[in-house]
Asker: 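Structure provided below as structure tokens; questions to follow.
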Amino acid sequence: MHEMSLVQGLFQQLHTIARENKASKVIRLTMSIGPLSGVVIDSFQFGFDILSKEDDLVREADLEIVIPPVIYRCSGCGFSKETAGARPEQCEECKDTILIPEGGDDLILQQVEMEQ
Amino acid sequence: MCDACGCNTHTHSHDHDHDHGHSHSQDQSVIVDINRSLFAANDAMARSNREHFEDEGIVVLNLISSPGSGKTTLLEHTIEKLGKEINIGVIEGDIETERDAERIRAKGVPVIQLTTGGACHLDASMIHKGFHRLQKEPGSDKIDLLVIENVGNLVCPATFDLGEHIRIVLVSVPEGPDKPAKYPKAFTSSQVFLITKTDLLPYFDFPVPEAKKEALDLNPALTVMDFSSTTGEGFDQWLDYLRTLVREKKAAA
């Protein structure tokens, strides 16, 4: 629901980064969007597409999205299971149902390619 | 960042990951590794809020739930029962209207309303400004317990740290017991889970032990309570919980 404002925040950061690198155009940027970040990827992409049209710096930029996994660690036996986000019903090893998610909850600007 | 109000705000000390180094030049294009969270600005402001609340010796709660779970009613009854022994202040968050703040103001405690004008959650910067507005309200100079009532929404508020000490997620009986499974982040990021409107249990299919188990499977550290604000059944455990929080904060000061 707040993806538009997150994209606006991203663009502010990109303007700062472009200034620091004396760049006039962003060609490509890589965002890591965690499955548990509360960010809907389609909405983020949509917001990016709409707002980039109004911004000369990012108008032609390609948005690359990477999705990191979530690791669910069993609180009983410590067994960890990597998933695309979904929480396993129970631990594969000991059948415990208390699984603690680790990672996959952030929204990170990883890399920017710019033209100077 | 906060020269205007003179509070002890975050001085932008670059404690977050902020190196813009490591660039590779290729002809006229440059690739820069940033690796910075888009939530970093909010998180930095939230840390500064928390430091400010610590300096003031205030315990801060962030209430999150769906619309209509009974956050404002919980607050009204809490103020009625505890208002004489604990100085409570309230920041109300809603998309529109002053209605919730008016309900709380009628109970005689300092309150301000934040209207987000469409935004689905409160953020740390709104709380920073809101707290300064609250400090201008009569009676706000000795607040022990600040309660922030977030915008009714179980999704977005879970992502935004406001600088609170305790995040509290509410689910009311008519909403059904499957909220933890559907909205996990609200439960994994909270410290307390309240099941409210338990006076309606005879009329709804809401197995309390199952709802508790689902939430505790996600987050075993949750403190779970169930009660009815309106009938008062089970409400004492909540009041005692708040008394303990405030007492411990004062003892630590």
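Note that the structure is predicted; figures quoted are calculated from it, not measured. Throughout, a chain's letter reflects where its sequence line sits, starting with A, and its residues are numbered from 1.
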Asker: Please flag which part of A:L109 lies under 4.5 Å from any non-hydrogen atom of chain B: side chain, backbone, both or neither.
Answerer: both

Asker: Do the side chains of A:D49 and A:K53 get close enough for a salt bridge, i.e. N-O under 4.0 angstrom?
Answerer: no

Asker: Quick one: which of A:I98, A:I27, A:L29 has the most heavy-atom pairs under 4.5 Å with chain B, could you say?
Answerer: A:I98

Asker: For the interface with chain A, which of B:L218, B:L216, B:T159 has the highest count of heavy-atom pairs at distances below 4.5 Å?
Answerer: B:L218

Asker: Check each atom of A:D105 against the heavy atoms of chain B and say whether the ones under 4.5 Å are side chain, backbone, both or neither.
Answerer: both

Asker: Would you find a donor on one side and an acceptor on the other, under 3.5 Å apart, between the side chain of A:Q116 and the backbone of A:N21?
Answerer: yes

Asker: I'd like to know whether CZ of B:R99 has more than 12 heavy-atom contacts from other residues, nucleotides or ligands below 6.0 angstrom.
Answerer: no

Asker: Is the number of heavy atoms from other residues, nucleotides or ligands under 6.0 Å of B:F204 CZ greater than 12?
Answerer: yes

Asker: When only pairs under 4.5 Å are counted, which of A:M114, A:R28, A:E115, A:K25 shares the most heavy-atom pairs with chain B?
Answerer: A:M114

Asker: Inspect the contact between B:K71 and B:D100 and indicate whether a charged nitrogen and a carboxylate oxygen are less than 4.0 angstrom apart.
Answerer: no

Asker: Looking at A:Q13, A:R87, A:M31, which makes the most heavy-atom pairs under 4.5 Å with chain B?
Answerer: A:R87

